[in-house]
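Please read the structure below before turning to the comments.
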Amino acid sequence: MQLRDFELYLHYMNELTIQKSKRGWIIELPDDFAEDVGAEKGSIAVLYGENGKIETEIIAPPPELEKSVDRIYNKYKDAFAEMKRNGD
């Protein structure tokens with residue numbers, strides 16, 4: 001491991017959330033980390049363990065996800081604003 005890789009590792013260890021799945025572990029990549037490794041914003045890394053090794057696959061978010069989030073936000077933006085005013 002090179003020094004730059006180790007520095008990135010230390011920087012992101014506090015930001016990463018790891019979720020266990022049936023076939024491996026899923027890590028939501030912070031946007032700046034995704035950018036550093038050349039992945040799309042909102043990507044996840046999936047770790048698979050087999051035969052004493054760990055393989056990694058980076059999966060980009062589906063294109064329709066951003067459209068869906070925008071649609072939901074626009075539909076409920078007044079409710080979100082009210083929740084924010086109320087501290088919810």
Side-chain angles (χ1 to χ4, degrees):
M1 179 181 281
Q2 296 180 356
L3 180 59
R4 174 73 176 134
D5 295 335
F6 186 69
E7 289 170 344
L8 283 172
Y9 168 79
L10 291 176
H11 174 77
Y12 292 112
M13 279 308 293
N14 292 329
E15 294 184 31
L16 298 178
T17 302
I18 301 174
Q19 300 171 358
K20 179 130 176 64
S21 72
K22 291 179 184 176
R23 296 171 45 186
W25 296 267
I26 301 168
I27 300 170
E28 296 177 22
L29 299 178
D31 291 341
D32 53 337
F33 183 85
E35 184 179 317
D36 287 348
V37 298
E40 286 186 46
K41 194 170 151 179
S43 293
I44 60 171
V46 182
L47 305 167
Y48 306 96
E50 187 173 52
N51 298 325
K53 295 182 180 182
I54 295 176
E55 299 290 328
T56 305
E57 180 180 359
I58 295 178
I59 302 173
E64 64 273 1
L65 182 61
E66 188 173 348
K67 291 177 188 173
S68 178
V69 169
D70 288 341
R71 181 182 51 77
I72 291 168
Y73 173 76
N74 288 325
K75 183 175 181 178
Y76 296 106
K77 66 182 169 187
D78 293 337
F80 293 143
E82 181 67 21
M83 286 187 279
K84 189 174 184 176
R85 277 194 297 276
N86 291 331
D88 292 343

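Residue numbers run from 1 in the order of the sequence given.
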Indicate every side-chain donor-acceptor pair of residues 43-58 with a distance under 3.5 Å to a residue at least two apart or in another chain.
{"unit_1": "S43", "atom_1": "OG", "unit_2": "E40", "atom_2": "N", "d": "3.4"}
{"unit_1": "S43", "atom_1": "OG", "unit_2": "E40", "atom_2": "O", "d": "2.6"}
{"unit_1": "Y48", "atom_1": "OH", "unit_2": "E57", "atom_2": "OE1", "d": "3.3"}

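Every residue two or more places apart in sequence or in another chain that forms a side-chain contact (heavy atoms from CB on, under 4.5 Å) with K77 is listed here: Y73, N74.
Distance check, rounded to the nearest 0.5 Å: CD of E28 to CZ of F33 gives 13.5 Å.
Summarising the geometry of G42 relative to D31, their closest heavy-atom pair is N-OD1, 3.5 Å, with the distance given to 0.1 Å.
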message: What verdict does the side chain to side chain contact (heavy atoms under 4.5 Å, CB included) test give for E82 and N86, after you've listed the backbone C-alpha separation in whole Å, the side-chain angles of each residue and the deciding distance to 0.1 Å?
response: CA-CA 6 Å; E82 181 67 21; N86 291 331; 3.3 Å; yes

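Remark: Y76 OH is loosely packed, at most 12 non-hydrogen atoms of other residues, nucleotides or ligands lying under 6.0 Å away. For K67, the NZ atom counts as loosely surrounded, since its 6.0 Å shell holds 12 or fewer non-hydrogen atoms of other residues, nucleotides or ligands.
Using a 4.5 Å cut-off between side-chain heavy atoms of Ile, Leu, Val, Met, Phe, Trp and Tyr, with links allowed through other members, I27 and I59 fall into different hydrophobic clusters.
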